[in-house]
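The structure appears right after this line, and notes come after that.
Quantities reported herein were computed from a predicted structural model and do not represent experimental measurements. First the proteins, then the strands, lettered A, B, ... as listed; each starts at 1.
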Amino acid sequence: MTDWAAIKADFPVLKQTANGAPLVYLDSGNTSQKPQRVIDAMSNYYETINANVHRGSYDIAVKATDAIEGARQKVAAFINAPSSIEVVFTKNATEALNLVARSWGGANLGEGDAVVISEMEHHANIVPWHMLASEKGFELRWISVKDDGHLDLSNLDELLDGAKLLSITAMSNVLGTLNPIHRLAEAAHAHGALIAVDGSQYVPHLATDVQAMGADFLIFTGHKMLGPMGIGVLWAREEILEAMPPFLGGGEMILNVTKEGFTTNEVPWKFEAGTPMVAEAVGLAAAIDYLNEIGMDEVRKHEVELTAYALRTLKERHGDKITIHGPSEPAERGGVLSFVYDQVHPHDVAQVLDQKGICVRAGHHCAKPLLRTLGVPATSRVSLYIYNDESDIDLLAETLTEASDIFSF
Amino acid sequence: MPGLEDLYREIILDHYRSPRNRGELESPPAVKTEGFNPLCGDEIIVYIDVDDDGLITDIAIGGQGCSISQSSASMMSAAVKGQTVPYARRLIGAFKGLMSIHEGEIGGDGSEADMGIELSIDSGDTKLGDLEALKGVVKFPVRIKCATLGWNTLAQALDEASPIT
Ligand SMILES: Cc1ncc(COP(=O)(O)O)c(C=O)c1O
């Protein structure tokens, strides 16, 4: 049994007050808070072993190199990757998706080709494809989203026909929908396409196994999983990485440079030009240790329970005044709840909640095509993590009433 | 700490609930411009008819957004309808002053004389006084963009209708 109150106490940010009230952080889908252990690991790195990596022969340089390579192994184990050389560190998920588009897409896509994405993608998995498509002239195809928040897979075979890549989120950052990645991977492979999985919202919350998923690429971002901002991950199967041209050029990514040209370093360093984010890798490794100690199954169980509680409480308290988007069944979704409340604009909802120290996100959540499909210009979004509890939901449900008091027509 | 009553003044809520000059004008002849707030997705569409004498004979506001962006655009439409383009430009400058001069009290002394126009004076049937209610927005810096969205969109429309030569 996990002591969730003790977990909450590990997060220094949550001990402060905001606008006179204790901070209630319900925006982990945006970025997560950091446990003391992650903060300590990063300052300890700077206090004891800071040195540039892969190029110093002295003691602390070796230790710093071990630190980033140790973090790479930890990440690989966390997603059950066959080998840690398949783990590329990037700045964030956005950079990792751009790396896939520029490097893999640049070499493999042209006129007559197609890339399939879905209407529930984050802009980070849309715009890189728009940018590349306008240069290369391939077609971008869209899997639609149904009213119940699930993907419409009825025409999947048609969409995948002639496609070279399916790039899709494992979990929607707006609806919380968990997508059937294994099934999508099989379908993509049956059509000779690869599958890139945006795990930004999934990896922090559910046990992840790239081999069981059948993924070819997995992308995620450290700051949403208790780690620091400034580090993201691209995992891809080794032979895919081997065949891909480099992304950014510079130091670290080369074996040799002459006046005539250069030869690239081995994977994954081929994709890591310049001085990497060592402290951030150390922080991410500490975050993974922390999550592993709780156990990802426990994390998921906690979030399913809390999501069920939130769905129930908000409905009981506010009835028809609240519309919650996404799957109604907690087991089919993550702890991300987008809602529209009593015709109060989400920005105003967020303002009223902020007055009580409740942090939620209002807007289009970097998913404008999805919001257009849902037929709403904006939503308020609550997103849960391990430090949230029922009292956070109770306070949210209670404070929403104030928004209705101010804005009732 | 500023309270919600500083932000959601009654007159603001009134304009939000019953927006003035809401709708569309046929374009052309009306000039139509769109403004977006990428932070929250608010959209404002401004339509204006400007006659040969540089008079704003009609204005309509479309789009969607939060109480602050919508009420500010509504008040703006009431304040510039029937006025001249140069007057509307001065008013835009004054309104932006109202939105930022108080922000951390940097630049100017914050007095209305500073803004080149007196916001509190009623002139004719335009109600400049209402705009004062938006002063509270400066205490909520993230909302300033909401309040100025319509005004920036109007500025674009004026530039199209009557380019500064
Ligand atoms: C599904 C999804 N993909 C990608 C991203 C981009 O993450 P980052 O901003 O860390 O690059 C996010 C985060 O907002 C997300 O929710």
Side-chain angles (χ1 to χ4, degrees), chain A residues 16-21 23 27 30 122-124 126-127 173-174 338 340-381 399-409, chain B residues 1-20 22 34-46 61-75 99 133-150 152-153:
Chain A
Q16 69 190 309
T17 57
N19 287 345
L23 194 77
D27 196 21
N30 206 348
H122 186 279
H123 293 166
I126 300 174
V127 182
N173 67 314
V174 176
S338 273
V340 175
Y341 179 70
D342 200 17
Q343 300 192 7
V344 183
H345 191 277
H347 215 174
D348 292 314
V349 169
Q351 187 84 57
V352 172
L353 295 176
D354 178 47
Q355 215 63 12
K356 286 279 155 68
I358 305 172
C359 312
V360 303
R361 182 163 172 193
H364 52 63
H365 318 295
C366 298
K368 285 192 105 170
L370 176 60
L371 290 222
R372 208 158 301 137
T373 299
L374 297 176
V376 290
T379 70
S380 307
R381 182 185 75 178
T399 311
L400 276 178
T401 315
E402 292 180 27
S404 163
D405 291 346
I406 295 174
F407 288 98
S408 58
F409 279 53
Chain B
M1 186 198 69
L4 289 176
E5 62 284 358
D6 294 318
L7 188 63
Y8 298 130
R9 306 271 292 275
E10 197 42 54
I11 196 143
I12 293 178
L13 294 174
D14 176 60
H15 275 267
Y16 180 46
R17 289 178 191 128
S18 332
R20 322 293 197 264
R22 178 96 199 152
E34 287 175 77
F36 296 93
N37 180 350
L39 179 74
C40 53
D42 283 7
E43 278 173 39
I44 291 211
I45 307 169
V46 171
I61 307 288
Q64 55 71 32
C66 68
S67 60
I68 301 301
S69 69
Q70 298 301 300
S71 63
S72 181
S74 167
M75 290 183 199
M99 284 299 112
L134 284 161
K135 249 183 178 167
V137 170
V138 294
K139 296 179 190 159
F140 299 84
V142 288
R143 304 306 290 274
I144 292 175
K145 276 214 161 74
C146 307
T148 52
L149 180 61
N152 289 330
T153 314

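Residue contact with chain B, scored on non-hydrogen atoms closer than 4.5 Å, is absent for A:V349.
What you find for A:I406 and B:L13 is that their closest heavy atoms are O-CD1, 3.8 Å. Residue B:Y16 comes nearest to A:Q343 through the heavy atom pair OH-O, 4.1 Å, listed as atom of the first residue, atom of the second, then distance.
Per-residue counts of heavy-atom pairs under 4.5 Å with chain B were compared for A:P377, A:A362, A:A378; the largest is that of A:P377.
For the 3.5 Å distance criterion, the side chains of A:H347 and B:N37 fail to qualify, holding no donor opposite an acceptor.
Taking NZ of A:K368 as the start and CZ of B:F36 as the end, the distance is 6.0 Å to the nearest 0.5 Å.
With contacts defined as side-chain heavy-atom distances shorter than 4.5 Å, the pair B:Y8/A:Q351 qualifies. Side-chain contact between B:R143 and A:D348 is present, with at least one heavy-atom pair separated by less than 4.5 Å.
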Is there a side-chain contact (heavy atoms from CB on, under 4.5 Å) between A:H345 and B:Q64 once you walk through the steps? CA-CA 9 Å; A:H345 191 277; B:Q64 55 71 32; 4.0 Å; yes
